[in-house]
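Some notes on the structure that comes next.
Naming convention: chains lettered A, B, ... in sequence-line order (proteins, then strands); numbering from 1 in each chain.
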Amino acid sequence: MDRSVEEKWQKRWQDSHLFEPLQDESKPKFMITVPWPYTNGPLHVGHGRTYTLADIIARFRRMRGFNVLFPMAFHQSGTPILAFSERIRLGDEKTINQYRDNLMEYEEPENIDSIMESFKKPENIASYFSDRIVKDFNSLGYSIDWTRRFTSADPFYQDFVKWQFERLRSKGLIKSGKYPVLYSVDDANAVGEDDISDGDIDKVTIEEYTAVAFRGDEYSLLAASLRPETLFGVTNLWISDHGDYVIVKVEGEKYAVSAEAAQKIILQHEGSAIISQVSSDDIISRKFTAPFTQSRLTVYRASFVDPDNGTGVVYSVPGHAVWDYVAIKQYGVPATPVKVISVQGGEGLTVESLVTEAGLSDLSDSGKIKDATQRLYREEFYSGRMNDSNGPFSGMTVQQAREAMRQELISSRLGFIFYEVSRKAQTRGGSKVVVAVLNDQWFIDYSVEWWKQESHDLIRRMYYYPEFYRNAMHEAVDWLRERPCARRRGLGTRLPFNSEWVIESLSDSTIYPAVYTNAAEMKRIHEILGKLPEEIVEYIYGSGTDESVSHYGEEVVLLAQSARRNLHYWYGVDIRLTAHPHLSNHLSFYVMNHAALFPKELQPRGLIITGLVVSNGAKISKSKGNAISLLKIATRYSADLYRLFVAVNADMSSTLDWNESEINAVRKRYETFLELMGQAGRQDRFVPTQVEKWFLSRFNQHMKEYIERMEGNDLRGAIISIFYEVINDLRYLENRGGNLPYSISSVSELWVRAMAPVIPHTCEELWEKAGKTGFVSVEQILDGDIGEIDESALAAERYLQKLVQDIRDIIKATKIDPASIGISVCSGEMRKLAQMLMEDRVSEATPRLKPFIGDFMKNRKNIDLGVEDEAMVIRSSRQYLEKLFQCTVNIEENNPGKGGKVAWPGRPVISLARQQ
RNA sequence: GCGGAGGUUGCCGAGCCAGGUUAAAGGCGACAGACUCAAGAUCUGUUUUCGUAGGGAUUCGCCGGUUCGAAUCCGGCCCUCCGCACCA
């Protein structure tokens with residue numbers, strides 16, 4: 001469909017406010033939402049899929065008599081927008097080029113510089129892309145009610161979020177405590193994935209080491225390990241041969257660690273401090289006592305010890321660590337490897353076997369040593385058991401022992417947890433990234449038992465498509481525990497009870513769909529009062545009484561009452577539709593927050609979870625350059641083609657592959673549809689024959705299936721039925737010599753209505769061209785619209801198709817090119833016999849017919865009484881058959897008894913005459 | 001490892017929950033034919049295999065089981081994909 005035609009209808013829909021519903025008690029309501037997008041750039045085909053599917057559902061429900069609300073708003077909270085803006089301010093080339101590319105799609109080249117300049121303010125990025133997304137979505141014909149648009153940065157919304165957090169807190173679901181975070185040393189601030197260079201490609205995670213104290217006379221030596229369970233096998237200690245060491249004081253104890261480690265310890269343990277330098281000569285001159293074994297250990301210098309990893313001190317376990325084994329050999333350290341873990345099953349790996357296998361003799365083979373270490377770590381972790389030399393830990397699995405020994409070390413003050421980054425990382429600004437422990441991190445405590453119970457109850461009541469996600473939701477909710485809900489930086493709402501913290505961006509977006517129902521009133525109240533007081537939000541959403549808000553004046557009270565009514569009319573989102581990666585985060589928060597804050601009747605009713613979109617089999621990502629923006633789609637392919645493609649090319653729950661050849665295939669079908677619709681023509685005097693009757697019945701069947709499948713949210717199945725199958729039927733009808741204009745015009749009105757949810761622009765245009773008034777988008781599709789399904793018409797055509805297939809099979813098997821085809825149909829007498837036999841009334845058969853019973857049994861599965869007058873069906877299609885097989889076709893009634901084959905109902909005898 | 005999904009005919013992808021109507025929808029691709037000067041588009045047929053009569057044989061990851069009957073139900077095994085957190 002021409003772009004200008006699509007734009008015409010989009011404008012008409014907007015001008016007539018077609019999709020801006022109000023309360024209407026005469027209709028059932030239907031509210032459908034898709035999670036709001038984050039507005040740091042243009043959206044691509046992947047986002048478009050979920051909104052398109054939601055729109056098709058919204059449009060269908062509207063046509064089924066529901067009062068449909070499909071609203072949308074924008075998410076602007078969090079750090080990415082802030083970080084991007086900062087990078088543009090700092091002149092980061094990669095970011096600037098990326099945004100310039102984005103802008104090229106929308107803007108005249110001469111405007112780009114000034115827009116880029118405006119992006120130095122983060123809120124401008126957010127508002128710019130919000131506006132673009134609205135345009136893009138309109139260009140795809142979505143029936144979104146934009147009057148309810150707002151953003152997570154709107155002051156009235158933030159007052160709503162504050163109310164939410166006060167409520168959560170009053171229910172005892174908010175707490176604070178210590179928490180490790182990634183941290184930038186120079187910026188003295190927590191950092192997220194997008195602040196770290198290559199953080200998106202190569203993720204940085206936090207690892208928990210156990211710092212183990214080896215007691216000495218003046219100070220202890222603090223080694224850090226991921227494998228505390230190997231402590232019984234320790235033979236000596238290593239320090240770096242190139243690092244600087246200091247004495248750090250932690251909770252009254254003095255430890256020698258590398259200078260780098262001291263900095264990390266200080267960030268992780270409040271009150272700890274460096275008290276002096278210490279030379280490595282001094283460390284080496286001393287002996288230190290190992291925990292558990294109490295052996296006195298010697299310290300050596302080693303090249304493989306990295307002062308910037310862990311504490312810069314390593315305890316040596318040559319029996320279970322490849323590095324240590326290679327090091328004692330290379331340095332000639334007098335140590336004997338000790339085995340403290342034995343492995344049952346597995347690959348039978350040991351340090352020695354790995355060293356021999358890979359020929360490791362030098363610490364400079366670091367790549368190979370790392371690989372060997374990894375393999376051994378895995379083997380021992382999953383299949384290892386502590387042997388008898390491990391004191392109280394003997395016999396435990398490695399996993400049990402690790403935890404038990406760590407606990408023992410901590411409680412006897414011989415160790416503590418030390419956090420380290422999983423790889424060396426720096427911020428995009430170049431500052432080193434380490435792990436710091438924040439002392440007053442705020443959490444939402446999702447582990448509270450009553451809350452989990454309420455959530456499970458809600459999950460049980462909800463609708464799911466596909467159904468198996470119900471179970472996945474139960475699992476996701478069980479798995480949630482305390483979640484940090486606030487950060488030190490980023491855009492968003494400040495925590496009402498501690499304004500130094502900004503509510504984290506997923507936590508501020510859990511119950512926001514409720515605001516769609518009454519955004520206008522809330523905004524207006526905020527304008528009047530300059531804020532949205534907690535009392536009023538409580539009145540609208542919670543349990544407040546009229547008296548509790550009466551002092552705000554009549555206008556405010558009326559607005560609040562209206563907001564409350566709207567909430568109670570619309571809320572409870574009927575369908576929330578999104579892709580599966582949201583399940584274990586957004587959707588579980590969505591469900592749990594509703595379970596905590598809303599009464600049953602306002603809780604979510606259903607979820608539809610979709611698959612992702614890939615492009616030519618590859619994951620879509622901006623860095624690969626295969627992200628096609630939505631604007632490009634509307635202009636390059638047309639909205640309706642995209643919508644049809646999304647609806648038909650994959651089931652909602654599976655991955656959709658976006659590729660040109662598939663799009664072209666859909667385009668051809670779409671063009672065929674238009675071409676067929678163009679052939680519709682009223683034929684008032686035409687009397688339908690068998691094949692037209694068949695088509696109409698088939699169409700009605702497809703229509704019925706369409707409605708059933710759409711109601712079950714099987715969009716793809718519905719469209720295959722009403723689109724592909726109907727087109728195929730029309731093709732068949734044409735080849736059969738049926739009357740195409742008559743047939744199409746008989747169904748066109750209903751057909752256009754059925755297709756309207758998927759290709760609304762095309763259907764509006766067709767609707768108008770057919771002389772209809774009003775919008776097809778708000779027409780109804782009712783069960784009563786479906787005409788009669790004439791079983792005998794269907795049976796007759798089925799009979800003919802089977803006959804054609806049989807003739808073809810015979811021609812194929814015998815390779816005869818027939819000069820003529822003789823068809824002899826079952827006689828009335830034999831038909832009666834067949835009927836008797838089908839009903840097991842064998843005894844009633846006359847003696848003359850009894851001999852045929854054997855033949856009946858043989859052919860039973862092919863015998864079908866569905867067609868009354870077979871000869872008539874064939875005679876009326878004789879021309880078609882003769883044309884098809886390029887020979888004459890003779891029909892006669894079969895006269896059994898003369899020998900040869902017997903014709904049964906649904907099973908005429910076919911004979912091919914050879915060419916002379 | 002934990003949790004979830006899945007392995008279907010050249011490919012994509014239905015069917016499986018409610019066993020028979022299923023050699024298995026629909027699409028793509030391939031091949032043949034019609035149309036055309038030709039190509040493209042469109043239409044028709046074929047697309048596991050055997051067959052001189054509409055039939056037979058063997059198929060739905062592998063091995064067993066239940067059943068008159070299994071792609072569909074049950075058990076075991078092999079393999080693949082996805083999520084696992086503070087990040088939107």
Side-chain angles (χ1 to χ4, degrees), chain A residues 35-40 75-81 179-182 190 192-195 199-200 203 205-206 378 381-382 399 441 443-444 446 466-476 478-487 490 504-507 509 580-586 588-589 609 611-612 617 648-651 653-657 659 661-662 664-666 668-669 671-672 675 714 716-717 719-721 723-725 727-728 731-732 734-735 802-816 818 858-859 861-862 864 884 901 907-912 914:
Chain A
W36 51 10
Y38 190 66
T39 49
N40 66 332
H75 196 208
Q76 305 188 344
S77 313
T79 49
I81 289 178
Y179 199 73
V181 294
L182 294 174
E193 185 178 296
D194 35 65
D195 301 313
D200 46 346
K203 245 186 137 174
T205 53
I206 296 174
R378 254 204 210 114
F381 181 70
Y382 292 124
Q399 298 176 50
Q441 174 69 51
F443 299 90
I444 297 179
Y446 286 109
E467 170 62 32
F468 66 76
Y469 279 115
R470 181 193 307 278
N471 201 12
M473 281 299 291
H474 281 300
E475 294 289 341
D478 275 335
W479 165 84
L480 284 175
R481 23 173 234 260
E482 297 92 349
R483 180 190 167 86
C485 64
R487 302 188 62 177
E504 178 272 329
S505 59
L506 278 181
S507 301
S509 301
H580 65 79
H582 279 143
L583 192 106
S584 64
N585 43 66
H586 169 69
S588 5
F589 301 154
I609 288 144
L612 295 172
V648 92
N649 239 50
D651 181 81
S653 60
S654 38
T655 307
L656 174 71
D657 191 17
N659 69 71
S661 91
E662 297 279 333
N664 281 330
V666 174
K668 281 183 207 162
R669 282 313 168 103
E671 280 163 3
T672 304
E675 197 259 323
D714 174 10
R716 180 166 185 261
I719 301 308
I720 283 176
S721 183
F723 188 65
Y724 281 66
E725 308 247 1
I727 288 174
N728 287 350
R731 252 186 216 157
Y732 173 79
E734 196 177 12
N735 283 308
K802 172 84 166 81
L803 180 67
V804 167
Q805 192 58 53
D806 284 347
I807 295 170
R808 282 202 173 115
D809 283 350
I810 297 168
I811 291 174
K812 198 180 140 207
T814 61
K815 300 184 183 67
I816 292 171
K858 218 169 81 190
N859 286 296
K861 70 171 181 175
N862 284 306
D864 178 4
L884 195 62
K901 290 200 164 188
R907 180 80 176 170
V909 172
I910 299 162
S911 55
L912 305 186
R914 282 174 196 278

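One donor-acceptor pair, N or O on each side, does fall under 3.5 Å between the base of B:A88 and the side chain of A:Asn585. A donor and an acceptor atom never sit less than 3.5 Å apart when one is taken from the side chain of A:Asp809 and the other from the base of B:G54. Below the 3.5 angstrom threshold, one finds no donor paired with an acceptor across the side chain of A:Arg731 and the base of B:U42.
Taking the side chain of A:Leu480 as heavy atoms from C-beta on, and the options B:C86, B:A85, B:C87, the nearest nucleotide is B:A85. Set against B:G3, B:U46, B:A85, the side chain of A:Glu475 has B:G3 as its closest nucleotide. For A:Asn728, taking side-chain heavy atoms from C-beta onward, the closest of the listed nucleotides B:G27, B:G51, B:C86 is B:G27. The side chain of A:Lys812 approaches B:G51 more closely than any other nucleotide in the set B:G51, B:A88, B:G26. For A:Arg907, the listed nucleotide lying nearest its side chain is B:G54; candidates were B:A14, B:G54, B:U46. Relative to the side chain of A:Ala665, the nucleotides B:A53, B:C28, B:A14 differ in distance, and B:C28 lies closest.
The CG atom of A:Leu803 sits 11.0 Å away from atom CZ of A:Arg808, with the distance rounded to the nearest 0.5 Å.
Side-chain atoms of A:Trp36 and A:Ser509 form a donor-acceptor pair, as typed in the model, at a separation below 3.5 Å.
In this structure, A:Pro180 reaches neither bases nor backbone, as no heavy-atom distance under 4.0 Å exists between it and the strands shown.
Proximity of A:Gln805 to the phosphate of B:A23: no side-chain N or O atom is located under 4.0 Å from OP1 or OP2.
Ring planes of A:Tyr179 and A:Phe443: perpendicular class, angle over 60° (limits at 30 and 60°).
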